[in-house]
Amino acid sequence: MPELPEVETVRRGLQPVFVGARFLHVEKRRPNLRFPFPERFVERLLGRRVTSLERRAKYLLAELDSGETLAMHLGMSGSFRIVAEGAPATVASEAFHFPRSKASEHDHVVFDFDNGARVVYNDPRRFGFMKLIPTDDLYLDPLFADLGLEPLSDRFTAEKLSAILHAARGPLKATLLDQKRIAGLGNIYVCEALHRARLSPERPAVSAPPGKAKALHGAIRDVLEEAIAAGGSTLRDHRQADGELGYFQHAFAVYDREGAPCPRKGCKGTIKRIAQGGRGTFYCPKCQT
DNA sequence: AGAGCTACCTGAAGGC
DNA sequence: TGCCTTCAGGTAGCTC
């Protein structure tokens with residue numbers, strides 16, 4: 001599922017339930033997701049209070065009062081849903097007026113909090129994973145040590161992007177997907193940002209004209225911000241934490257639109273699908289050069 | 001060091 | 001209807 005906007009949407013939905021709450025009961029229904037759960041996973045969570053819920057790249061980070069942080073990655077098909085039973089009225093009125101998905105054989109983890117809320121992690125493909133990391137050393141952990149810039153942070157500037165493109169060797173698509181350079185973009189939003197900047201995904205990153213770095217920088221930020229505002233993109237699995245769908249898929253210019261007319265004003269092109277690194281790339285060969 | 005590929009897993013969709 | 005193939009929002013861990 002989830003690229004940065006989907007993970008950020010989930011974070012915002014979970015934050016009022018997680019932060020300040022203690023784990024009253026934790027149910028782990030299988031020994032592993034993509035990787036085995038950490039040793040004594042349940043014991044290390046029970047009784048701990050969540051002091052913050054942040055996001056880095058496509059990871060959710062629940063900081064605990066034990067000095068550890070629970071890092072969670074949703075893989076391709078992971079989702080969290082808040083189950084209403086026992087939730088306090090203040091939370092329920094905000095978050096529970098949408099229909100919720102039913103219990104499923106792919107519900108792998110259940111968190112019960114002392115505020116009455118129950119949060120269920122569902123992941124059919126089980127590419128997601130959870131890890132407990134000492135908070136003080138969080139960014140020394142191999143998961144985070146080499147991650148690149150947060151594209152919505154102040155540190156991600158047009159100049160930094162220009163330097164990234166100049167130092168890269170591969171095509172633009174692969175460069176923007178590389179989490180060590182920019183952290184949080186995935187297949188959808190790379191395709192969409194490149195279309196907005198009128199750059200071909202096949203063009204060598206190093207060949208992007210200097211002025212184009214600025215356009216691409218703006219396109220990346222705009223598409224991510226618009227997608228977050230729309231609750232992310234629901235293709236199959238993504239749900240907001242309250243069960244509501246994301247809506248940004250209706251705003252796609254190119255992703256999953258092979259054969260459709262290019263939506264750019266005045267462009268008579270047709271969206272094409274190619275394979276890059278074994279993954280689908282969608283773009284308009286007419287206006288993206 | 002870095003680029004490129006495979007593997008992990010289930011389910012949906014399309015061709016025959 | 002059923003069987004087979006292909007594809008899907010990601011990335012760790014191999015090769016070369």
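Nothing here was measured: the structure is a model prediction, and the numbers come from that model. Within every chain, numbering begins at 1; the chains are lettered A, B, ... in the order of the sequence lines, protein sequences first and strands thereafter.
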S.K.: Can you check the distance between B/dG11 and C/dT11, where both ends of the measurement are the P atom (answer in whole Å)?
M.R.: 22 Å
S.K.: Say whether, by atom type as modelled, one donor and one acceptor occur between the side chain of A/H217 and the main chain of A/F156 under 3.5 angstrom.
M.R.: yes
S.K.: Would you say a side-chain N or O of A/R279 is under 4.0 Å from OP1 or OP2 of C/dT11?
M.R.: no
S.K.: Let's see if you can work this out: which of C/dG9, B/dG11, B/dT10 has an atom nearest to the side-chain heavy atoms of A/N187?
M.R.: C/dG9
S.K.: Dot-bracket notation for DNA chain B is requested: 5' to 3', Watson-Crick or G-U wobble pairs only, both distances under 3.5 Å, with ( ), [ ], | and . as defined.
M.R.: .|||||||.|||||||
S.K.: Looking at every strand, decide which applies to A/Y189 at a 4.0 Å heavy-atom threshold: base, sugar-phosphate, or nothing.
M.R.: nothing
S.K.: Choose from B/dG11, C/dT11, C/dG9 the nucleotide whose nearest atom is closest to any side-chain atom of A/E105.
M.R.: B/dG11
S.K.: Between B/dA3 atom P and A/Q276 atom CD, what is the distance in whole Å?
M.R.: 15 Å
S.K.: Using the benzene-type ring in the case of Trp, are the ring centres of A/Y283 and A/H195 under 6.0 Å apart?
M.R.: no
S.K.: Is it the case that the base of B/dG11 and the side chain of A/R236 share a donor-acceptor contact (distance under 3.5 Å, atom types as modelled)?
M.R.: no
S.K.: Taking only the P atom of each, what is the distance from B/dC9 to C/dC3 in whole angstrom?
M.R.: 23 Å
S.K.: Under a 3.5 Å threshold, yes or no: a donor from one side chain and an acceptor from the other, between A/Y121 and A/D123?
M.R.: yes
S.K.: A/K58 side chain: which of B/dA3, C/dT11, C/dC7 is closest?
M.R.: C/dT11
S.K.: Nearest-Å distance, CD1 (A/I228) to P (C/dG9)?
M.R.: 19 Å
S.K.: Within this structure, what is the CD-to-P distance between A/E258 and B/dG14, rounded to whole angstrom?
M.R.: 13 Å
S.K.: Please tell me which of A/G278 and A/R34 maps to the more 5' nucleotide of DNA chain B, matching each residue to the nucleotide holding its nearest heavy atom.
M.R.: A/G278
S.K.: Taking the side chain of A/L235 as heavy atoms from C-beta outward, which of C/dG9, B/dT10, B/dC8 is closest to it?
M.R.: C/dG9
S.K.: Does A/E39 CD have over 12 foreign heavy atoms under 6.0 Å away?
M.R.: no
S.K.: For the residue pair A/S79 and A/D237, confirm or rule out a side-chain donor-acceptor distance under 3.5 Å.
M.R.: no
S.K.: Regarding A/E8 and A/R12, does a basic nitrogen lie under 4.0 Å from an acidic carboxylate oxygen?
M.R.: yes
S.K.: Any base atoms under 4.0 Å from A/Y59, or only sugar-phosphate, or nothing? Heavy atoms, all strands.
M.R.: sugar-phosphate
S.K.: Consider the side chain of A/P2, meaning its heavy atoms from C-beta on, and name the nucleotide among C/dG10, B/dA3, C/dA8 that approaches it most closely.
M.R.: C/dG10
S.K.: Count the heavy atoms belonging to other residues, nucleotides or ligands that lie under 6.0 Å from NZ of A/K214, then report whether that count exceeds 12.
M.R.: no
S.K.: Categorize A/G170 for me: base, sugar-phosphate, or nothing, with a 4.0 angstrom heavy-atom threshold over every strand shown.
M.R.: nothing
S.K.: Rounding to a whole Å, what distance do you find between A/R273:CZ and C/dG9:C1'?
M.R.: 14 Å
S.K.: OP1 or OP2 of B/dT10 sitting under 4.0 Å from any side-chain N/O of A/H106?
M.R.: no
S.K.: Given atom CG of A/L33 and atom P of B/dC9, what is their separation to the nearest angstrom?
M.R.: 12 Å
S.K.: With the side chain of A/D237 defined as its heavy atoms from C-beta on, choose the nearest nucleotide among B/dC8, C/dG9, C/dA8.
M.R.: C/dG9
S.K.: Does the side chain of A/S200 pick up a donor-acceptor pair with the side chain of A/Q288 at under 3.5 Å?
M.R.: no
S.K.: Name the nucleic acid region contacted by A/R126, choosing base, sugar-phosphate or nothing; use a 4.0 angstrom heavy-atom cut-off, strictly under.
M.R.: sugar-phosphate
S.K.: Of the listed nucleotides (C/dT11, C/dA8, C/dG9), which one gets closest to any side-chain atom of A/E3?
M.R.: C/dG9
S.K.: Are the aromatic ring centres of A/F252 and A/F282 under 6.0 angstrom apart?
M.R.: no
S.K.: Would you please determine if the base of B/dC9 is stacked by A/F127, with stacking meaning a centroid separation under 5.5 angstrom and planes under 30 degrees?
M.R.: no
S.K.: Return the value, rounded to whole Å, for the distance between atom CZ of A/R56 and atom C1' of C/dT11.
M.R.: 15 Å
S.K.: Could you state the NZ-P distance from A/K131 to C/dA12, rounded to the nearest angstrom?
M.R.: 9 Å
S.K.: Taking atom P of C/dG10 as reference, at what distance in whole Å does atom CG of A/L143 sit?
M.R.: 16 Å
